[in-house]
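Model, not experiment: these values are computed from the prediction. Chain letters run A, B, ... following the sequence lines, proteins first, then strands; residues in each count from 1.
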Protein chains: 2
Amino acid sequence: MTTFLASYTNGIDKKGRVSVPASFRAELANQSRQVIVVFASPDEPFLYAWGYDDFLKFAEGIKKLPPMSKERQRLGRSILAAARPLPIDGDGRIVVPEHFVGKAELNSKAMFAGQGDYFTIWNPETYESQLGDDLPYYEQDLEALTAWELE
Amino acid sequence: MTTFLASYTNGIDKKGRVSVPASFRAELANQSRQVIVVFASPDEPFLYAWGYDDFLKFAEGIKKLPPMSKERQRLGRSILAAARPLPIDGDGRIVVPEHFVGKAELNSKAMFAGQGDYFTIWNPETYESQLGDDLPYYEQDLEALTAWELE
DNA sequence: ACCTTTCCCATAAATACCCATGGACTTTTC
DNA sequence: GAAAAGTCCATGGGTATTTATGGGAAAGGT
């Protein structure tokens with residue numbers, strides 16, 4: 001099972017390239033294609049990123065819905081069509097499309113945050129302030145976690 | 001398994017030609033015929049497009065209905081009879097028939113939206129406004145999906 | 001013969017590929 | 001134990017390839 005841990009901040013060069021952290025690349029090595037599938041949530045200021053196979057598993061869930069149902073159409077549009085497979089080049093870098101740069105307000109640096117089976121990409125400053133916003137929820141979230149585990 | 005991801009906007013020239021996005025062509029490479037099977041949604045302003053083999057499999061579902069049932073006849077008319085295989089030329093382009101141009105209100109640009117095992121073709125502006133209409137359903141659709149996945 | 005459709009080639013821009021550098025950290029050597 | 005050598009990684013820049021797209025030539029239909 002893929003597990004992305006830790007966080008890293010790398011520079012975005014003038015061609016729009018960023019190095020994917022080496023430890024994340026190692027984690028992706030046994031996926032069938034060396035791409036990360038990135039998508040911007042419609043209502044959050046960061047990018048989601050999956051290994052190819054792991055994203056496909058997610059997509060399979062959508063494909064199982066009735067092919068032309070309204071639900072499936074919407075999920076297809078907001079997730080499948082919104083996603084983009086970004087190939088990792090020989091030097092371990094991806095090119096972040098202009099559209100995503102805008103969504104996550106990236107400028108010179110990109111922050112990669114491990115989230116277990118996926119990771120997220122942030123403007124470093126946005127991430128810092130998010131951490132502050134998270135703080136008040138910490139205790140109550142922890143409780144939710146242990147409750148879940150005990151089931 | 002075919003999986004179309006991401007979305008791309010390409011121009012329609014005065015001969016009615018549009019480039020099929022390269023990543024979609026790559027996805028179609030292992031189909032037995034290099035055509036995309038297109039039909040217009042009867043009640044919505046866009047076109048459905050499938051790889052040849054995948055459309056056949058989809059059509060099997062219709063063929064399985066009782067041969068002379070009303071349902072089967074209607075689906076036969078709105079999907080099988082309405083569908084049209086469009087060959088992909090040597091440069092990776094298709095010619096969009098006049099009839100489809102009307103149905104999807106295409107003029108100078110066509111938007112290709114990956115939907116998993118098929119993709120849809122839109123007027124870019126129509127698509128944008130559709131995304132806006134989708135937004136309110138996003139959270140609830142996601143929940144339905146994960147509920148489905150956990151089964 | 002004319003109009004339409006298909007095929008073929010040309011070009012510019014975007015993308016992918018290749019190699020080089022410098023820094024941090026490890027390992028080896030004396 | 002300190003210096004030297006080696007490794008891995010992020011990053012910069014140049015070059016080759018691919019892609020979208022325009023136009024013209026050939027082929028087909030009426």
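Between B:Phe46 and B:Trp122, the two ring planes are parallel [angle under 30°; tilted spans 30° to 60°].
Within 6.0 Å of the OH atom in B:Tyr137, the count of heavy atoms belonging to other residues, nucleotides or ligands does not exceed 12. Atom NZ of A:Lys63 is surrounded by more than 12 heavy atoms from other residues, nucleotides or ligands within 6.0 Å.
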When you compare the protein's N or O atoms with those of nucleotides 27-30 of chain D, which come within less than 3.5 Å of each other, and at what distance?
none

Could you run down the sub-3.5 Å N/O contacts of the protein with nucleotides 11-15 of chain D?
{"unit_1": "D:dT11", "atom_1": "OP1", "unit_2": "A:Gly11", "atom_2": "N", "d": "3.1"}
{"unit_1": "D:dT11", "atom_1": "OP2", "unit_2": "A:Gly11", "atom_2": "N", "d": "3.2"}
{"unit_1": "D:dG12", "atom_1": "N7", "unit_2": "A:Arg93", "atom_2": "NH1", "d": "3.0"}
{"unit_1": "D:dG12", "atom_1": "O6", "unit_2": "A:Arg93", "atom_2": "NH2", "d": "2.8"}
{"unit_1": "D:dG13", "atom_1": "OP2", "unit_2": "A:Lys14", "atom_2": "NZ", "d": "3.0"}
{"unit_1": "D:dG13", "atom_1": "N7", "unit_2": "A:Arg17", "atom_2": "NH2", "d": "2.9"}
{"unit_1": "D:dG13", "atom_1": "O6", "unit_2": "A:Arg17", "atom_2": "NH1", "d": "2.8"}
{"unit_1": "D:dG14", "atom_1": "N7", "unit_2": "A:Lys15", "atom_2": "NZ", "d": "3.3"}
{"unit_1": "D:dG14", "atom_1": "O6", "unit_2": "A:Lys15", "atom_2": "NZ", "d": "2.4"}

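Rounded to whole Å, the distance from CZ on A:Phe24 to C1' on D:dC9 is 15 Å. Rounded to whole Å, atom C1' of C:dA24 lies 15 Å from atom OH of A:Tyr8. The interatomic distance linking B:Ile94 (CD1) with C:dC7 (P) rounds to 15 Å, in whole Å. Distance, A:Asp89 CG to D:dT17 C1': 15 Å, rounded to whole Å. Atom CG of A:Leu86 is separated from atom P of C:dT15 by 11 Å (rounded to the nearest Å). Atom P of nucleotide C:dT6 and atom CD of B:Gln34 are separated by 16 Å, given to the nearest angstrom.
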When you look at A:Asp91 and A:Arg93, which way does the salt bridge (charged side-chain N to carboxylate O under 4.0 Å, His left out) test go after all the steps? CA-CA 6 Å; A:Asp91 302 325; A:Arg93 286 180 283 196; 3.3 Å; yes
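Remark: of the listed residues A:Tyr48, A:Phe55, A:Phe58, A:Tyr48 is the sole one forming a ring pair (Phe, Tyr, Trp, His ring centres under 6.0 Å) with A:Tyr118.
Between the side chain of A:Gln34 and the main chain of A:Leu28, a donor-acceptor pair closer than 3.5 Å is present. Looking at B:Gln115, its side chain does come within 3.5 Å of a backbone N or O of A:Arg77 through a donor-acceptor pair.
Backbone-only engagement by A:Pro21 is indicated by non-hydrogen atom pairs under 4.0 Å involving sugar-phosphate atoms exclusively.
Residues B:Tyr127 and B:Thr9 have side chains that never bring a donor and an acceptor to within less than 3.5 angstrom of each other.
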